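For reference, the structure is listed below as structure tokens.
Computed from a predicted model, the values in this text were never measured in an experiment. The figures that follow rest on heavy atoms only: side chains count, while hydrogens, waters and symmetry mates do not.
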Amino acid sequence: MDKSENKNIVLAIDCGTRGIRGILFDDCGNELGKSEKIFDGYYSKCFQWKEAPPEMFWDGLVEVVNNLNQKTPVLFNAIQGMTVSCQRDIITVVDENGEPLRDFISWLDRRELDESLPFARPYTLLFKMIGFNDSAKSFSRITHANWIKVNEPKIWEKTSKVVFLSTYLLTKLTGKVMDSRSSIAGHVPFDTKRKEWCKKNDVKYQIIKIEPEKCFDLVNSCEIIGQLTAAAAQMTGLPVGLAIVASGTDKGCETVGVGALTPEIASVSLGTQSTVEISTTKYVELYPFYPSFTAVDQDAYNPEVTIYHGFWMVNWYVKEFLDRVDPEELHPLLEEYLKETPVGANGLVHQPYWGMEAFRPEAKGSFIGFTEGHTKKHIYRAIVEGLGYGLLEGLELIESKTKISVQAIGLSGGGSRSDGVTQIMADIFNRPVYRVQTFETTGLGAAMATFVGLGRYQTISEASDQMIHRSKVFLPEPTNVMKYSGIYNKIYKKLYGRVKPLYQAYNKMSNVADVLEEEVTKFNEKQL
């Protein structure tokens with residue numbers, strides 16, 4: 001059958017950090033059409049802040065949907081349902097009508113409170129007894145909802161709900177302030193084991209001071225969350241009453257989209273955030289009090305390890321080292337860099353902790369081993385290899401907690417487009433690494449959830465059998481495996497422990513410098 005003749009078609013909206021895509025899929029997993037909009041509305045009021053107006057995301061959705069209508073009108077008119085999958089932990093607050101009261105704060109935003117919000121005395125004693133006091137204070141300081149509550153009290157007083165980006169877009173589509181349980185991934189009081197908001201006296205409310213009444217209603221993934229409103233239909237060109245199905249986060253949908261439905265297959269995403277996770281019906285906490293995420297498959301969880309600035313580092317590298325290269329020549333050039341540099345980048349080792357890692361908050365990004373012979377080519381290779389080492393460390397943690405060995409890895413995200421990068425991952429992981437038929441794995445996983453919600457398939461597993469097709473498998477090369485194993489075990493795994501005291505000392509010095517600068521500014525203002 002010609003792809004265009006298949007009338008079982010759904011629309012998946014994939015709203016990532018960099019941009020938003022609308023993708024049409026049929027029930028065989030074929031990608032039939034796509035439209036993309038790159039975001040240009042992020043802004044920073046202060047150093048390391050990152051915000052964006054809600055209109056940037058909604059207008060982007062409207063634009064990509066209308067573009068699909070113009071490009072593929074026959075397929076567009078055959079759409080049976082749609083879903084929205086979004087980047088995680090990007091929040092705002094809305095009024096009782098679901099209208100935002102301020103702009104979104106991105107997960108990339110590094111603002112934090114000067115002091116953690118106070119804990120009730122029994123919880124303070126409990127945190128100290130179990131060795132969680134420092135972590136609890138850290139989570140309290142970096143929770144963006146806490147920041148809004150302290151610094152924007154008038155907005156907080158008007159707040160009806162604290163919402164994620166997916167919640168906001170679903171509200172615009174359906175008129176209901178609701179979201180999928182599988183879309184809850186961030187600094188909110190959610191009990192992932194029960195897949196419900198925490199009960200009133202739960203310890204998380206001591207850390208994340210969001211009142212229970214400010215939590216929105218939840219539905220299961222793979223269920224119809226509502227129908228397209230007349231207002232949204234008029235803007236998008238989609239029919240009034242179109243079924244809107246709940247799916248999950250971008251990473252959760254990626255995991256489904258590469259077929260990682262059992263613990264023996266891991267999903268590795270080489271996106272702006274880089275992650276490694278599995279699906280398991282057993283609830284697992286990789287770190288104390290650090291939950292697994294709710295999977296798109298309703299019976300499963302996704303234990304995950306995240307490198308917050310994953311392939312963002314490649315974007316940084318391109319900006320700083322290759323900003324004058326023609327974008328059309330960029331991918332072939334980077335592939336050549338990997339071919340022209342040896343395994344191990346001639347001794348250059350990269351530690352990829354450029355963001356605020358949840359359990360390594362003092363960590364910084366670092367390179368060790370520079371010599372006069374190193375070039376920008378070696379730096380690129382070291383960035384890729386460092387990400388591989390960091391993800392392997394996460395994979396080993398997952399295996400140690402589940403007691404199940406991962407046999408294969410499904411790769412997704414922007415980095416998976418590179419054969420050179422994919423082969424490096426196969427060699428570092430020492431496991432077969434495969435890609436599926438489309439690079440749009442978030443969209444594919446979201447489409448699978450939509451077809452289940454529409455009744456085309458009964459389960460995610462059944463949808464996976466029909467919609468996922470492995471397109472290429474990369475096998476580890478034994479010689480490279482030996483070299484990477486030596487670097488990983490003898491150097492990389494020891495690196496963080498050795499440099500951690502230096503990170504801590506630097507952070508203390510940096511904090512003192514910030515305080516001094518603030519005092520000088522206050523003094524000068526008084527003089528004026």
*asked:* I'd like to know whether NZ of Lys209 has more than 12 heavy-atom contacts from other residues, nucleotides or ligands below 6.0 angstrom.
replied: yes
_Can a side-chain donor-acceptor contact be found between Ser269 and Lys251 if the only test is distance below 3.5 angstrom?_
yes
*Taking atom types as modelled, find out whether Asn220 and Glu223 have a side-chain donor-acceptor pair closer than 3.5 angstrom.*
yes
*Glu152/Lys158 ion pair, N-O < 4.0 Å*: no
_Salt bridge or not between Arg111 and Asp109? Use side-chain N to carboxylate O under 4.0 Å._
yes
*State yes or no: are the ring centers of Tyr168 and Phe104 separated by less than 6.0 Å?*
yes
_Test item: Thr159 and Ile155 side chains (from C-beta on) under 4.5 Å apart, heavy atoms_ = yes
_Side-chain heavy atoms of Ile91 within contact of Ile148, under 4.5 Å_ = yes
*Have Ser140 and Ser116 got a donor and an acceptor in their side chains that come within less than 3.5 Å?*
no
*Tell me, with the steps shown, if Gln273 and Ile307 meet side chain to side chain contact (heavy atoms under 4.5 Å, CB included).*
CA-CA 6 Å; Gln273 278 188 0; Ile307 298 176; over 6 Å; no
*Return yes if a side-chain donor-acceptor contact under 3.5 Å exists between Ser221 and Gln298, otherwise no.*
no
*Hey, mind stepping through Glu112 and Gln48 against side chain to side chain contact (heavy atoms under 4.5 Å, CB included) and telling me if it holds?*
CA-CA 10 Å; Glu112 59 180 270; Gln48 290 192 321; over 6 Å; no
*Taking the inter-plane angle between the rings of Tyr283 and Tyr301 on a 0 to 90° scale, is it parallel (under 30°), tilted (30 to 60°) or perpendicular (over 60°)?*
perpendicular
*Counting only heavy atoms not in Glu320, do more than 12 sit closer than 6.0 Å to its CD atom?*
yes
*Ring center gap for Trp312 and His309 short of 6.0 angstrom*: yes
*Any side-chain donor paired with an acceptor under 3.5 Å for Ser160 and Asp95?*
no
*Ser85 side chain vs Asp14 backbone, donor-acceptor pair below 3.5 Å*: no
*Is it true that Arg21 and Glu440 have a side-chain N and a carboxylate O under 4.0 angstrom from each other?*
yes
*Taking NZ, NE, NH1 and NH2 as the nitrogens, is one of them in Glu51 or Arg102 under 4.0 Å from a carboxylate oxygen of the other?*
yes
*asked:* Taking the ring centre of each residue, are Tyr43 and Trp49 less than 6.0 Å apart?
replied: no
_Within 6.0 angstrom of Glu213 CD, more than 12 heavy atoms from elsewhere_ = yes
_From CA spacing to verdict: side chain to side chain contact (heavy atoms under 4.5 Å, CB included), Phe39, Arg18_ = CA-CA 6 Å; Phe39 294 139; Arg18 183 170 174 268; over 6 Å; no
*Thinking salt bridges, do Arg88 and Glu304 make one under a 4.0 Å N-O criterion?*
yes
*Examine Tyr353 together with Tyr308 and report whether their ring centres are nearer than 6.0 Å.*
no
